[in-house]
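The structure appears below as structure tokens.
These numbers were taken from a predicted model, which means no experiment stands behind them. Just so we're on the same page: letters track the sequence lines, and every chain starts at 1.
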Protein chains: 2
Amino acid sequence: MLSALGEVFRAHGYEGASLALISEATGLGKGSLYHFFPGGKEQMAAEVLGSIDAWFVTEIYRPLRKASDPRGGIADMFAGVDTYFRSGRRVCLIGVVALGNARDLFADRVKEYFVAWVDALALALRKLGHSPTVARHLAEQAVLEIQGALVLARAVNDRKVFSRALMRSHRRLMLTRPERSQRRSI
Amino acid sequence: MLSALGEVFRAHGYEGASLALISEATGLGKGSLYHFFPGGKEQMAAEVLGSIDAWFVTEIYRPLRKASDPRGGIADMFAGVDTYFRSGRRVCLIGVVALGNARDLFADRVKEYFVAWVDALALALRKLGHSPTVARHLAEQAVLEIQGALVLARAVNDRKVFSRALMRSHRRLMLTRPERSQRRSI
DNA sequence: CGGAAATTGTACCTATTGGTACAAAATATC
DNA sequence: GATATTTTGTACCAATAGGTACAATTTCCG
């Protein structure tokens, strides 16, 4: 049910997703909707955001952290992201909320989502020998490129923009050599 | 008047910007609003998007194209962008619309904005000796990084994320050397 | 089966939405 | 100063917003 809900918010934004649309998309009447979400629309959105965050944690962040092979973990991340965002056809709801007017309502969850992503990726990069600072900046850069690619791909309506950006991002991450003096074991 | 209007749309999105908010922000009553914008809210948004596009054309794209010194032109672009987006505190309305539910209404203008940006930057990069394809990809990458930086900076509420991204983007553009065999005069 | 609990549909509520009508007021023009 | 034009405030409108109340139904479980 949360996934149908998520698609409505994705397609119409928080404000744009009216209860009528939500009801239609989920097949649930108002009675049921307010039975499962006594907190109303805000609770619906909060749970959707939570479920997205949870998905990324288990499917992307955790594997990324645990990977004994950081290169493979990073490759899996890019593959997972490409699948999740349907090669750019699907938008990032968290990013949409971050830019939109409902940001204040969900600021904590939005921030946590991105911080966790950067942290997980930075950890993998440190395993590759990068210093903490460089790893963090590289991770930040990669995450931001994904978000930007989603915006641009959607704006010009060309999903190739998205896949190209993913490939460039992945390649640069693999090609950037850690400074010798900063290499360390973790 | 368009600038006050723009800030309302920026702050609340297209759907979120109610006529009440618009009226308050502009100091204009409904009577005046519908006198100047007979097309209603949609016309208001269209004119705002148009004025933003026009600003970028004259302040960013055109100088970028005309610059006899491409390096300087690119530096001016980054400086202009940093100022315009108030170092990440201000969001890109065109990007917001691109992600939001009003995208279809303004798809053409949104696309044109980004295409023109990529084109102008790619032209400057060609003057630096890059092949058309490489120039286009580098330009696409830079534009997308700016959009992503806006998303991420706002999501984690840290404008340093934005300025760091701008610096990295600028630096990489300057440091990427064109392939000898592809250098050409224009 | 029978009772308890979870689930659902319907009717209803108030506030607000974007938009219109139009007369009053302000402003410009001669 | 009279006239024509632009600009504004006010009162309205139907539609929809999110939300509540609650009885009727369905499902669960002993």
Side-chain angles (χ1 to χ4, degrees), chain A residues 1-52 91 93-94 96-110, chain B residues 1-52 91 93-94 96-110:
Chain A
M1 171 193 351
L2 282 183
S3 83
L5 217 42
E7 294 311 321
V8 188
F9 283 118
R10 232 182 279 273
H12 300 94
Y14 179 68
E15 297 236 322
S18 68
L19 286 195
L21 284 170
I22 292 171
S23 183
E24 185 191 2
T26 58
L28 261 37
K30 278 193 184 185
S32 312
L33 245 19
Y34 276 84
H35 174 72
F36 293 115
F37 305 97
K41 203 171 142 178
E42 185 173 336
Q43 186 186 350
M44 299 180 207
E47 291 200 17
V48 165
L49 292 182
S51 80
I52 293 174
V91 92
L93 181 53
I94 319 263
V96 171
V97 170
L99 286 187
N101 50 316
R103 193 195 76 121
D104 297 348
L105 272 177
F106 309 108
D108 289 348
R109 226 183 270 272
V110 165
Chain B
M1 172 191 349
L2 281 183
S3 84
L5 217 40
E7 293 311 320
V8 188
F9 283 118
R10 229 183 281 274
H12 300 93
Y14 179 69
E15 298 235 323
S18 67
L19 287 194
L21 283 170
I22 292 173
S23 183
E24 186 191 1
T26 57
L28 260 38
K30 278 194 183 184
S32 312
L33 246 18
Y34 276 85
H35 174 72
F36 293 114
F37 304 97
K41 202 171 142 178
E42 185 174 335
Q43 185 187 351
M44 298 179 206
E47 292 200 15
V48 165
L49 292 182
S51 79
I52 293 174
V91 94
L93 180 54
I94 319 264
V96 171
V97 170
L99 288 185
N101 48 316
R103 194 196 74 123
D104 296 349
L105 272 177
F106 309 108
D108 288 348
R109 224 182 271 271
V110 165

What one should report as the nearest heavy-atom pair of A/R109 and A/L49 is CD-CB, 3.7 Å

| message | Ring-plane angle category for A/Y14 and A/F9, please: parallel below 30°, perpendicular beyond 60°, tilted otherwise. | response | parallel

Here the distance between atom P of D/dG18 and atom CZ of A/F37, to the nearest Å, is 15 Å

>> If the cut-off is 4.0 Å, is B/H35 near the phosphate of D/dT8, judged by side-chain N/O to OP1 or OP2?
In response: no

Rounded to whole Å, CD of B/E15 lies from C1' of C/dT16 at a distance of 14 Å

To the nearest angstrom, the CE-C1' distance between A/M44 and D/dA17 comes to 13 Å

Check your understanding: Can you tell if the side chain of A/K41 reaches within under 4.5 Å of the side chain of A/L33, non-hydrogen atoms only?
Key -> no

Taken to the nearest whole Å, NZ/B/K41 to P/C/dT17 is 9 Å

Whole-Å distance, B/L28 CG to D/dT8 C1', equals 9 Å

When rounded to whole Å, the OH to P distance for the pair A/Y14 and D/dA17 reads 14 Å

Report task. Tell me what A/Y34 touches on the nucleic acid: a base, only sugar-phosphate, or nothing, going by heavy atoms under 4.0 Å. Result -> base

When rounded to whole Å, the CD to P distance for the pair B/E24 and C/dT17 reads 11 Å

Closest to the 5' end of DNA chain D, once A/A20 and A/P38 are matched to their nearest nucleotides, is A/A20

Original post:
Does A/K30 get its side chain close enough to the base of C/dG9, under 3.5 Å, for a donor-acceptor pair?
Top reply: no

Answer yes or no: does atom CD of B/E24 have more than 12 heavy-atom neighbours from other residues, nucleotides or ligands under 6.0 Å? no

note: B/I22, atom CD1; C/dT17, atom C1'; distance rounded to Å ~ 11 Å

What I'd like to find out is whether the side chain of A/L28 reaches to under 4.5 Å of the side chain of A/S23, using heavy atoms alone.
no

Regarding the side chain of B/S32, the nearest nucleotide among C/dT7, D/dG19, D/dT8 is D/dT8

With the side chain defined as heavy atoms from C-beta on, A/F36 is closest, among C/dG19, D/dA17, C/dT7, to C/dT7

